[in-house]
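Below: the structure, in structure tokens.
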Amino acid sequence: MKLILLGAPGAGKGTQAEVICNKLSIPAVSTGNIIREALKNGTEMGLKAKSYMDEGKLVPDDVVIGIIQERLQKEDCKNGFILDGFPRTIPQAEALDAMGVEIDRVVSIEVADEKIVERMSGRRVCGKCGASYHMLYKQPSNEGVCDACGGELIRRKDDAPETVEDRLRVYHEQTEPLKDYYAKSGKLRTVQGQEEVADTTRLTLAALED
Ligand code: AMP
């Protein structure tokens with residue numbers, strides 16, 4: 001199964017990717033996580049991406065396309081993968097096609113903008129492994145500590161309210177047109193993001209079946 005999760009920032013793509021990749025035994029590939037990791041390690045690519053990311057803008061297509069090309073060649077992607085946060089522009093989707101990657105299904109998780117702003121204010125991520133949490137909807141067992149690796153939970157710099165508005169604008173202008181792009185080939189399914197993570201997972205898995 002080669003799956004793309006679409007949706008606004010904060011719609012729950014990362015959370016669903018983490019759950020579904022375990023159920024389907026395929027890796028979740030998040031360009032955001034790869035870039036944050038590169039930033040943490042101080043690589044050239046990370047430093048190049050930092051200013052874009054901090055301002056809620058998209059990192060240039062050639063940079064993320066390079067990241068994805070390299071990642072999808074790894075052995076663990078042989079039997080499929082879930083793309084979370086890629087593609088985010090039409091040229092990125094075209095590049096994926098040009099690589100000969102045949103996507104099976106694209107699921108767009110729909111959440112209203114007002115709800116996104118509310119959700120982002122409670123979002124926390126693990127500073128060590130990147131796992132995502134929410135102060136109301138997906139609490140860790142111990143406050144402020146990652147269940148998976150024991151790392152400290154922090155607020156992403158680009159989750160600040162003023163940056164979230166910019167990211168939503170970027171989403172509507174540059175990423176939302178991908179829904180039409182994939183609807184044309186009959187691959188698109190939309191699900192309504194639910195309050196409970198498990199309910200959205202159920203709807204997403206059902207969308208892979210039909
Ligand atoms: P995310 O964790 O998916 O919300 O991504 C965080 C940030 O990383 C985005 O706001 C962009 O600055 C950058 N980013 C992640 N994926 C992409 C992509 N496919 N294209 C361009 N920029 C990206």
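This one's a predicted model, so the numbers in the text were calculated from it and none came from an experiment. Whatever order the structure lists them in is the order used to number ligands and atoms, beginning at 1.
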message: Can a donor-acceptor pair be found, under 3.5 Å and without considering hydrogens, that links the side chain of Asp147 to the backbone of Ser141?
response: yes
- line: For residues 176-187, the salt bridge (Lys or Arg N to Asp or Glu O under 4.0 Å) pairs (sequence neighbours left out) are Glu110-Lys179, Glu176-Lys179
statement: Per the under 4.0 Å non-hydrogen criterion, ligand 1 touches Thr31, Gly32, Ile35, Arg36, Met53, Lys57, Leu58, Val59, Val64, Gly85, Phe86, Arg88, Gln92, Arg156, Asp158, Arg167
statement: Looking only at heavy atoms, the pair that brings Pro9 and Arg167 closest together is CB-NH2, 3.6 Å
field: Side-chain heavy atoms of Glu195 within contact of Leu136, under 4.5 Å
entry: no
task: Using modelled atom types only, decide if a donor and an acceptor are shared between the side chain of Lys40 and the backbone of Gly127 within a distance under 3.5 Å.
output: yes
Side-chain touch Pro140/Arg124, heavy atoms, less than 4.5 angstrom: no
